[in-house]
Amino acid sequence: MSTNEMPKAYEPNDVENKWYPLWEDRGCFKGNPDSGKKPYSIVIPPPNVTGILTMGHVLNNTLQDILIRWRRMQGYEACWFPGTDHAGIATETRVDKQLRENEGHGRDHYGREEFVRRVWEWREQYGHTIIKQLRKLGTSCDWERERFTMDEGLNKAVMLVFVKLYEKGYIYRGRRMINWCPVSKTALSDEEVIYKEVHGYFYHFKYPLSDGSGHLVIATTRPETMLGDSAVAVNPADERYKDIIGKTIDLPLTSRKIPVIADEHADPLFGTGCVKITPAHDPNDFEVGLRHKLQVLNVMNADATMNEAAGEEFVGLDRFECREKIVKLMQDAKLVVKIEDHMHSVGYSERGDVPIEPRVSEQWFVDMKELAKPAISAVKSGEIKFYPDRWTKTYFHWMENIKDWCISRQIWWGHRIPAWYHKKTGKIFVGLEAPKDIENWVQDEDVLDTWFSSWLWPFSIMGWPEETKEQKFFYPTSDLVTGPDIIFFWVARMIMAGYEFKGALPFRNVYFTSIIRDETGRKLSKSLGNSPDPLDVIKTYGADALRFSIIYIAPLGMDIRYSNEKCEIGRNFANKLWNASRFRRMQGDIVPFDISSLKATDLSQDDKWMLGRLNQVVMSVNDSLENFRFHDAVHGLYEFVWGEFCDWYIEVSKENFFNKENTEKRNRGLGLFDHAMFTILKLLHPFMPFVTEELAHQLGYLADDANIMLAEFPKPLESAKLAELGISDELIKRVVAKFAIISAGRNLRVSCNIAPSLKIKYFIKPVDAGTEKFLQEQKSSLEMLLRAESLVIDANFAASGPAPSIVTDAGTIFMPLEGLVDVAAELAKLEKQKKELDSWIAGTKAKLSNERFVSKAPPKVIEDSKKLLAENEDKLCRVEDMIAALRR
RNA sequence: GGGCAUAUAGCUCAGUUGGUUAGAGCGCCACGUUGACAUCGUGGAGGUCGUUGGUUCGAGUCCAAUUGUGCCCACCA
């Protein structure tokens, strides 16, 4: 081995492209239900088949990959089930658009059967993009188990569920007011409506009474709907309008007379207290209409243009054109009282990005109330846990007020509703198979909401309704990682489906990810152009860097502020690992080493410190991951690897490594280094799969055909072993204090402008005999780290002249420089330190002499305070001595 | 209108059950190519924890009020 095999800087691209196919070929990702190990499973939130990888996917899938790799290394039979979602409306829109662009005709030109065929074709050609992209990120999904929500097996599951729920009476068909998207021309569920605060106008119109006795003033934000008005309502308790109830109105711009009715819906305190009632175009009015048996007059077409019922002069107008025209006509007729600016929230269609239109139509619904019950208690009892826990509140609120779910969609791409209508009798047939005498029946034209297949995902992906080994072994799944934006769409419904159809929870833990925003806090979106392409980022920084950085910057349960530059954190860190490994390679091949035969006498204090800290890190990484504290795990590792292992351990090791004479000692040092490095690589592997695999091989820790991703995840040493090796918190503290002396020595050098290359004399006056012995043993390493010409450790040291010095916990370090010392500056520095100590001591003394503190605070706290007080008093003495010496 | 979250260094965030006079990264300043690393090293400056009040021997950490910000739900004709 020679160093020129390892370039100075880590180049991730080749490494990543090399390992991924190898892992896949070697079957590293496979989940085997017969292994006899403990199961650990995750189902991917299926990305839309039309989708391309976004930063949101990166975060979400990195988290899942961390969990799955960690559990796999821990010895679980880990299986990550991947797949894609057919995304009904999105896909249909996409393919329709493409056909229009390429062939000049939209979907209607082709007819249902041909269009659906074209969508499948499209899916074959483009539908695997995101799956390929996920591989670039390093996700260790069991790709052989990839499923699509329109697969035959999943279709069977969907059909069966529909029939079962129909037979149970939970699914029904009804004429209801639903949310209608005029662009997609389909019904939507309540959850697919996005409310936006928009600026509009509040139009106050006069509605003349038919008997000529005057007029009422009504206010509306949607003048175009007046063409469909069926009544004007006033509150029955409203004295102002008592006498008008029962009269009729001549509805302007129409030839219709509509009644004035009394209904609680009218709020006497709002506006004029009179409200126009348009049963076909407003959900509240629809209810009023039902109560009063009013005519439901639909004045719009499916695309939200006005229909014949609106009147001749309005037919064909778009609803917004119609609005303007009506306002104009009302103004001409002097029926406009006023027009006010008005901010209000308007429901928009998620896909079409236009205001939805309330519309009365025949749709299929699921009555969710019974389904919700076990799903509520599962989360209440803690059988299913949410991380962060606060999402349970959102969940309960929705579940406890759950509404019927509108599941039919007037599109072609999706699972077709298994309902047939008899041509003559109109009878409804619902079943898995079409009726035998099919010639007498027509099938329902609608397809099911995409989520009606997604909610079965945790078991349909495992082959349900067939009884499969996979289900027996991997269901319920372990953890679910998803965004809180689909808690209702997906998470809640999966829980309901799990209990209803499998009789068991679908997953035990749900981790809700953060939302990714740009640096200025805006949501990432295509239209804002602030959405980086993860593949570009991977090319520039590496997949490991992207993965690591995004976890590193993800605050717990809050939004992430992302920018590409943040990936430098991960890139630099990968490079740091690379160079630490490069350094190791320069010291020669790996040597035989067995941690279990190690004795305390084999170890330097620095070794013990390093092993002790490494052990703490092992514990905390495992603990953090158990609690889904990814951020903590990553920060702990970063800090340890960079700030402790590289900054101190490698530096102190150099003395040993560069001295080739004591082979035994040197080899032991190399072995210890390798033990630590391999442990670090394993700990980091779930976060940075590629570079860790590469380095484990570069360093010779693994056979060519072995993989770090299948190595055992580090476990902490037993406390007996730690004690046996002389590793304790006390020892760790001592070594840290030694490092503090070195930092102080460097500080002295810089503050006196001593060239770093210049070797100088240092003196250390240790605090006590124990420390003196401890430091004395490590004199040569101290000399090296201080770049000292010489170092004297002497409890009785007294500077002969003015000597810059710094007082630390372990002792005082001096840098005597005859003639070069700026006495005033030194004094100022010491005075500052004295002042700080004085005030600290005064504060602590006051606290300790406070009777109530002494009587109420826990003994441990008091003891610690006293100990610190003594230490700091001692420190103060030393500082004062120094000041006196300088003044002499 | 209801709910959830959040407010800590110039920026982005840590800060576990209240207990040394608050930490990290980036940025900034100074110095530096010392036999892993300038995607680097060494040292340094910089916050009193949104505001007010309270509980407590002791509060960034608990409580109340208040202000700002973000999100969710409901509803406003």
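Naming convention: chains lettered A, B, ... in sequence-line order (proteins, then strands); numbering from 1 in each chain.
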Counting a pair only when it is Watson-Crick or G-U and both distances are under 3.5 Å, which runs of at least 3 such pairs involve RNA chain B? B:1-7 with B:67-73, B:10-13 with B:23-26, B:28-32 with B:40-44, B:50-54 with B:62-66
Listed in order of residue number, which residues of residues 651-660 of chain A have a non-hydrogen atom at under 4.0 Å from RNA chain B? Glu651(A), Lys654(A), Phe658(A)
Test item: Glu197(A) and Met343(A) side chains (from C-beta on) under 4.5 Å apart, heavy atoms: yes
Rounded C1' spacing from A59(B) to U48(B) in Å: 12 Å
Rounded distance (Å) that lies between atom P of U42(B) and atom CH2 of Trp642(A): 10 Å
Are the side chain of Ser549(A) and the backbone of Gly570(A) linked by a donor-acceptor contact shorter than 3.5 Å? yes
Quick check: on RNA chain B, is the nucleotide nearest Arg746(A) upstream (toward 5') of the one nearest Thr844(A), or the reverse? Name the residue that is more 5'. Thr844(A)
Classify Arg571(A) by what it touches in the nucleic acid, base, sugar-phosphate, or nothing, heavy-atom distance under 4.0 Å. base
Within the 6.0 Å centroid threshold, strictly below: Tyr552(A) and Phe573(A): no
Looking only at the side chain of Asp647(A) (C-beta and beyond, no hydrogens), which of the listed nucleotides C40(B), C37(B), G41(B) gets closest? G41(B)
Residues Glu789(A) and Lys759(A) bridged, charged N to O under 4.0 Å: no
Nearest-angstrom distance, P atom, G23(B) to U16(B): 14 Å
Any carboxylate oxygen within less than 4.0 angstrom of a Lys/Arg side-chain nitrogen, looking at Lys403(A) and Asp190(A)? no
Return the nearest nucleotide to the side chain of Met586(A); candidates are G19(B), A5(B), G35(B). G35(B)
Can Asp729(A) and Lys733(A) be counted as an ion pair, charged N to O under 4.0 angstrom? no
Euclidean distance, atom CD1 of residue Ile569(A) to atom P of A14(B) [Å, nearest integer]: 13 Å
Taking atom types as modelled, find out whether Arg613(A) and Gln616(A) have a side-chain donor-acceptor pair closer than 3.5 angstrom. yes
Gap in Å between the two C1' atoms, one belonging to U17(B) and one to G60(B), rounded: 16 Å
Ignoring the backbone of Arg517(A), work out which of C71(B), G44(B), C57(B) is nearest its side chain. C71(B)
Anything under 30° is parallel, anything over 60° is perpendicular, the rest tilted; go ahead and classify His631(A) against His635(A). tilted
With sugar-phosphate meaning primed atoms plus P, OP1 and OP2, does Pro858(A) contact a base, only sugar-phosphate, or nothing at under 4.0 Å between heavy atoms? base
Using modelled atom types and a 3.5 Å cut-off, is there a donor and acceptor pairing between side-chain atoms of Arg584(A) and backbone atoms of Asp589(A)? yes
Between C63(B) and C71(B), how far apart are the P atoms? Round to whole Å, please. 25 Å
Quick one: is G43(B) close enough that its OP1 or OP2 comes under 4.0 Å of any side-chain N or O from Ser743(A)? yes
Using a cut-off of 4.0 Å on non-hydrogen atoms, how would the nucleic acid contact of Leu868(A) be classed: base, sugar-phosphate, or nothing? base
Please state how far atom NZ in Lys847(A) lies from atom P in A59(B), giving the value in whole angstrom units. 10 Å
Indicate whether the side chain of Asn564(A) and that of Tyr562(A) have a donor and an acceptor atom separated by less than 3.5 Å. yes
Can you see if the side chain of Arg629(A) gets near the phosphate of G15(B) - specifically, an N or O under 4.0 Å from OP1 or OP2? yes
Does Ile515(A) or Trp578(A) map to a spot on RNA chain B nearer the 5' end, using the closest nucleotide for each? Trp578(A)
In whole Å, measure the gap between the P atoms of A77(B) and G3(B) for me. 23 Å
Centroid-to-centroid, Tyr649(A) to Phe640(A), below 6.0 Å? no
Under a 3.5 Å threshold, yes or no: a donor from one side chain and an acceptor from the other, between Ser780(A) and Glu783(A)? no
Rounded to the nearest Å, what distance is computed from the NE2 atom of residue His631(A) to the C1' atom of nucleotide G15(B)? 11 Å
So, does Lys393(A) get its side chain near the phosphate of C4(B), meaning an N or O under 4.0 Å from OP1 or OP2? yes
Atom C1', compared across U12(B) and U6(B): separation rounded to whole Å: 14 Å
Do the rings of Phe645(A) and Phe673(A) sit parallel, tilted or perpendicular, given the 30° and 60° boundaries? tilted
Separation between the P atoms of A24(B) and G41(B), rounded to whole Å: 15 Å
Does U20(B) have its OP1 or OP2 closer than 4.0 Å to a side-chain nitrogen or oxygen of Asn872(A)? no
Starting at CG of Leu695(A) and ending at C1' of C37(B), how long is that distance when rounded to a whole Å? 13 Å
Can you classify the ring geometry of Tyr201(A) versus Tyr203(A) as parallel (below 30°), tilted (30 to 60°) or perpendicular (above 60°)? tilted
Evaluate whether atom CD of Glu340(A) has more than 12 neighbouring non-hydrogen atoms of other residues, nucleotides or ligands under 6.0 angstrom away. yes
Looking at Lys576(A) and C37(B), is any side-chain donor or acceptor paired with a base atom of the opposite kind under 3.5 Å? yes
Contact class for Lys856(A) (heavy atom, under 4.0 Å): base, sugar-phosphate, or nothing? base
For Phe739(A) and G43(B), what is the distance between atoms CZ and C1' respectively, to the nearest whole Å? 18 Å
Mark up nucleotides 72-77 of chain B, 5' to 3', with B wherever a protein heavy atom is under 4.0 angstrom from a base atom, S wherever such an atom reaches only the sugar-phosphate, and - elsewhere. -S-BBB
Pair of N/O donor and acceptor under 3.5 Å linking U34(B) base with Arg787(A) side chain: yes
Give me the distance, rounded to whole Å, that separates C31(B) from A36(B) when you measure between the P atoms they each carry. 25 Å
Side chain of Tyr552(A) only, please: which of C4(B), A36(B), G25(B) is the nearest? G25(B)
Rounded interatomic separation in angstrom, taking CG from Asn575(A) and C1' from G41(B): 14 Å
Are OP1 or OP2 of C40(B) and a side-chain N or O of Asn572(A) less than 4.0 angstrom apart? yes
Atom CZ of Arg390(A) and atom P of C4(B): how far apart are they, to the nearest Å? 11 Å
